[in-house]
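To start, the structure under review is shown below, and the notes come after it.
Residue numbers start from 1 in every chain, and the chains themselves are labelled A, B, ... in the order their sequence lines are given, proteins ahead of strands. What's counted below: heavy atoms across the whole structure, side chains too, no hydrogens, waters or symmetry copies.
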Amino acid sequence: MFLEPKPRSPLYSKVMLRVRFAPSPTGFLHVGSARTFIFNWLYARHNGGTVVLRLDDTDVERNTDASVNSIFDGLRWLDLGWDEEYKQSERLALHRQIADAIFQKGLAYRDFTPAHTGDSEKSGANQTWLFNPGMRELSRAESDRRAAAGESFALRFRVPRGTGEQVRFTDAVYGEQIKSAADIEDFALLRSDGMPTYHLASCADDIDLRISHIIRGQDHLSNTYKHVLIFEGAGAKPPQFAHLPLLVAPDGSKLSKRRHGPVVSVTTYRDAGFLPEAFINFLCLLGWSPKDDREKMTRQELIDAFSLEGINRANAVINFKENLKEPAATLPATSPDETFDSKAVWLNAEHIRGLSIDDLSVRLLPIVHGAGFPIAPEKMHAITPLIRERIKLLRDVLTAADFFFVDDDQLPPYDPAELIPQKGDAAMALKVLTRAREVLAQTEFKHDPLDQALRAAAQAMGVKAGQMFQPIRVAVCGRKNAPPLFETLQVLGREITLARIDQAIEKLEGCASASPKSPLSS
RNA sequence: GGCGCUAUCGUCUAGGGGUUAGGACGGAAGAUUCUCAAUCUUCAAACCCGGGUUCGAUUCCCGGUAGCGCUACCA
């Protein structure tokens with residue numbers, strides 16, 4: 001409809017398109033990683049490919065189970081699924097095998113220089129570092145002798161040093177990329193404890209898993225030259241690369257749990273009441289565009305529209321407010337809409353409005369139950385249409401429909417002055433409520449009869465309809481801003497309505513005796 | 001420091017040698033309504049700077065600036 005269907009040649013379907021999402025379990029699943037996963041997933045689904053999930057857990061020092069759980073929690077919530085799953089730590093033999101193959105070809109060498117502590121970035125990073133002196137030139141015999149003697153070493157890639165030597169690849173997003181080999185250092189393949197580095201493990205697995213397209217964050221763009229070297233060194237054809245612009249904080253800095261707090265964690269969005277489809281929709285619009293003016297898109301529309309050509313090259317700001325830094329645990333309690341990017345919230349509201357009553361009420365129920373209100377599904381179903389256009393996040397149900405959940409006498413306290421209608425006074429409020437009580441005692445609790453009876457009563461008393469409705473609204477809802485009155489009364493039922501009007505009348509009488517002056521008595 | 005990537009309203013973006021530079025969120029004002037919300041209308045708001053190419057650059061090229069990334073036996 002919006003885009004021409006993608007032509008599929010018979011040949012095309014034979015191409016094994018395989019993408020991978022390879023998070024390292026060293027922190028929580030953050031929004032940037034989620035977006036990378038989503039883009040990979042969309043690309044695969046658009047083209048009929050396979051999605052591989054691979055835990056890049058070679059950094060034993062920093063891996064945590066909590067992180068693994070966070071990643072799976074977040075991915076499961078997204079509800080997109082994946083086709084194959086691997087753990088990098090279980091594939092060490094493969095990594096070493098490929099490292100050895102590269103070494104045997106003479107494309108890597110042992111570096112016996114003791115590991116230097118990475119902390120001293122000052123001294124080292126200011127100079128152009130290419131390789132540790134002496135190690136590159138070590139003869140194979142000498143190298144073997146020292147290794148056999150038990151000397152520990154790192155294995156380094158022997159980056160070509162011929163003049164004019166270049167490494168190149170074509171990025172699907174950033175285009176032709178060329179770098180002089182003279183600017184690439186002899187990076188490590190194996191650490192001195194024999195463990196593979198990220199570069200080696202990642203490429204070895206990509207080769208073995210036959211990954212055809214690597215779609216990942218732009219922070220890897222410069223690393224890609226090394227990866228091309230590894231692929232070629234291992235005798236494999238490098239896959240197609242596509243680097244994604246980074247998601248950054250409002251101040252332009254990279255997203256960090258420490259600096260920006262829970263707003264960067266995917267589960268925060270889940271807990272705040274985002275719909276996964278809305279969250280996905282939002283993330284897709286950061287750094288990618290369907291090139292038409294669509295904003296709200298369903299999962300299927302995203303699949304149909306997605307292409308690497310639509311990806312932007314500049315970093316995208318995720319415009320959250322940096323107001324909630326410390327307490328991750330208390331966030332849902334405070335959870336102001338204003339914490340999140342306004343477009344994310346708006347999109348969520350759009351998606352909520354697009355849900356059927358059945359669907360929305362089923363999603364709302366656990367939240368209401370979780371807050372300690374044992375509401376029956378049928379009742380939730382009746383309440384849902386009254387709040388569907390009034391909530392932006394699912395959790396808003398707790399504030400938007402609170403008066404439906406509590407018992408008749410458990411309404412949160414409100415100021416009796418709220419009961420006084422526009423251009424009226426306490427006496428009018430009292431009069432109106434008293435009359436309303438009589439009318440409501442004998443009117444059928446359905447929208448139309450309630451509407452007619454209350455309007456008629458207002459007219460008979462010579463007050464405006466609004467002056468009659470407002471006191472009733474405050475009496476039953478406990479506040480001025482609430483869903484439409486008649487629908488609300490219908491769901492609440494006669495018993496609770498009358499009880500709450502009685503309570504309101506009591507409040508008013510209490511006030512009247514306290515302040516005897518009532519200027520308007522008519 | 002070295003190498004690289006990027007630059008359109010506050011934010012996400014469309015566009016592209018000649019346009020009133022389009023849309024969306026957010027903001028402001030108004031309409032509607034029993035309040036709120038939703039909806040509708042209107043308004044404010046942008047091509048980083050300097051050169052060049054050109055009849056004409058926001059668009060192409062170069063430089064500057066700024067931001068970001070990489071520069072680890074982290075990923």
Side-chain angles (χ1 to χ4, degrees), chain A residues 22-27 56-59 61-63 111 113-121 124-129 152-156 171 174 177-180 182-185 187-199 201-202 217-226 243 245-246 248 250-254 282 285-296 312-319 341-347 349 353 386-392 400 422 451 454-455 458 464-470 472-474 477 479-486:
Chain A
S24 64
T26 54
D56 278 9
D57 57 350
T58 51
D59 187 356
E61 300 283 302
R62 301 195 301 154
N63 292 338
D111 181 353
T113 312
H116 61 271
T117 47
D119 315 328
S120 58
E121 12 65 35
N126 269 353
Q127 255 76 353
T128 308
W129 181 91
S152 73
F153 60 87
L155 190 71
R156 290 189 182 279
D171 188 89
Y174 289 90
Q177 302 293 312
I178 302 172
K179 188 167 193 165
S180 167
D183 290 323
I184 303 171
E185 74 279 10
F187 54 95
L189 260 21
L190 293 176
R191 304 174 198 160
S192 45
D193 61 2
M195 289 294 283
T197 61
Y198 161 76
H199 299 303
S202 174
Q218 191 241 40
D219 48 343
H220 284 299
L221 191 61
S222 326
N223 286 330
T224 305
Y225 298 100
K226 297 173 190 167
H243 287 89
L246 263 22
V248 297
D251 66 356
S253 65
K254 74 172 193 178
F282 168 66
L285 262 19
L286 294 175
W288 173 82
S289 162
K291 305 285 189 190
D292 49 35
D293 284 340
R294 282 182 294 173
E295 300 272 349
K296 184 199 169 192
N312 202 303
R313 280 178 292 276
N315 290 174
V317 171
I318 176 163
N319 201 15
D341 189 306
S342 61
K343 194 156 214 164
V345 174
W346 170 76
L347 266 175
R353 281 177 229 130
L386 301 191
I387 58 165
R388 181 168 53 172
E389 289 178 351
R390 292 176 177 75
I391 60 175
K392 293 176 166 164
Q422 282 287 303
D451 189 339
L454 288 172
R455 276 181 204 282
K464 293 192 159 187
Q467 290 177 305
M468 175 126 212
F469 300 159
Q470 196 65 356
I472 303 175
R473 187 194 322 283
V474 173
C477 301
R479 62 183 132 85
K480 285 180 172 169
N481 300 342
L485 187 58
F486 311 124

(message) So, using salt bridge (charged side-chain N to carboxylate O under 4.0 Å, His left out) as the criterion, who are the partners of A:Arg388 when residues are at least two apart?
(response)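 Testing A:Arg388 for salt bridge (charged side-chain N to carboxylate O under 4.0 Å, His left out), a comparison that skips the adjacent residues, returns none.
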If only side-chain N and O atoms of [X] are considered, is one of them under 4.0 Å from the OP1 or OP2 phosphate oxygen of [N]?
X: A:Arg473; N: B:C36; result: no
X: A:Arg390; N: B:A38; result: no
X: A:Lys254; N: B:C68; result: no

(message) With heavy-atom distances below 4.5 Å as the criterion, would you say the side chains of A:Asn223 and A:Phe187 are in contact?
(response)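 They are not in contact (no side-chain heavy atoms under 4.5 Å apart), so the answer is no.
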(message) For a 4.5 angstrom cut-off between non-hydrogen side-chain atoms, does A:Asn63 reach A:Thr26?
(response)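 Yes, close enough: below the 4.5 Å cut-off.
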Of the options [options], whose atoms approach the side-chain atoms of [X] most closely?
X: A:Asp59; options: B:C34, B:C74, B:U71; answer: B:C74
X: A:Pro484; options: B:U11, B:C34, B:C74; answer: B:C34
X: A:Asn481; options: B:U35, B:C12, B:U71; answer: B:U35
X: A:Arg353; options: B:A24, B:C34, B:A38; answer: B:A38

(request) Could you tell me how the ring of A:Tyr198 sits relative to the ring of A:His220: parallel (under 30°), tilted (30 to 60°) or perpendicular (over 60°)? (result)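 The arrangement is parallel - the two ring planes meet at less than 30°.
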(request) Select from A:Asp219 and A:Lys291 the residue whose nearest nucleotide in RNA chain B is closer to the 5' end of that strand. (result)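 Residue closer to the 5' terminus by nearest nucleotide: A:Lys291.
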(message) Please compare A:Pro23 and A:Ala465 by the position of their nearest nucleotide in RNA chain B and report the one closer to 5'.
(response)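 Going by which nucleotide is closer to the 5' end, it is A:Ala465.
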Tell me what [X] touches on the nucleic acid: a base, only sugar-phosphate, or nothing, going by heavy atoms under 4.0 Å.
X: A:Asn223; result: base
X: A:Thr58; result: sugar-phosphate
X: A:His220; result: base
X: A:Ser289; result: sugar-phosphate
X: A:Pro25; result: nothing
X: A:Gly287; result: sugar-phosphate

(message) Could you measure the distance from the CG atom of A:Asp193 to the OG atom of A:Ser152? Nearest 0.5 Å is fine.
(response)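 Nearest 0.5 Å value for the CG-OG distance: 9.5 Å.
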Polar atoms only, N or O, under 3.5 Å: list the protein pairs with nucleotides 26-32 of chain B and their distances.
unit_1	atom_1	unit_2	atom_2	d
B:G26	O4'	A:Ser342	OG	3.4

(message) Quick check on side-chain hydrogen bond (donor to acceptor under 3.5 Å, both in side chains): which of A:His243, A:Gln218, A:Arg313 does A:Asp171 satisfy it with?
(response)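 It is A:His243, the one option of A:His243, A:Gln218, A:Arg313 that forms the side-chain hydrogen bond (donor to acceptor under 3.5 Å, both in side chains) with A:Asp171.
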Given that both distances must come in under 3.5 Å, which nucleotide forms a Watson-Crick or G-U wobble pair with [N]?
N: B:U33; answer: none
N: B:A66; answer: B:U6
N: B:C73; answer: none
N: B:A38; answer: none
N: B:A57; answer: none
N: B:U11; answer: B:A24

(request) Could you give the distance separating B:G2 and B:C47 at their P atoms, to the nearest angstrom? (result)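 Rounded to whole Å, the distance is 32 Å.
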(message) Say we look at B:U6 and B:G64: how far apart would their P atoms be, to the nearest angstrom?
(response)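 Per the computed distance, 16 Å lies between those P atoms.
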(message) Measure CE/A:Met468 against P/B:U33 and give the value in whole Å, please.
(response)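 One finds 20 Å between P of B:U33 and CE of A:Met468, rounded.
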Between the protein and nucleotides 5-8 of chain B, list every N/O to N/O distance that falls short of 3.5 Å.
unit_1	atom_1	unit_2	atom_2	d
B:C5	O2'	A:Gln218	NE2	3.1

(message) With a 4.0 Å cut-off on N to O distance, would you call A:Arg156 and A:Glu185 a salt bridge?
(response)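 Looking at A:Arg156 and A:Glu185, the cut-off is not met.
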(request) May I ask you to decide whether A:Arg294 forms a salt bridge with A:Asp292, counting only side-chain N to carboxylate O separations under 4.0 Å? (result)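 Salt bridge: yes.
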Do [X] side-chain atoms and [Y] backbone N/O form a donor-acceptor pair below 3.5 Å?
X: A:Asp341; Y: A:Asn319; result: yes
X: A:Gln467; Y: A:Gln422; result: yes
X: A:Asp56; Y: A:Ser202; result: no

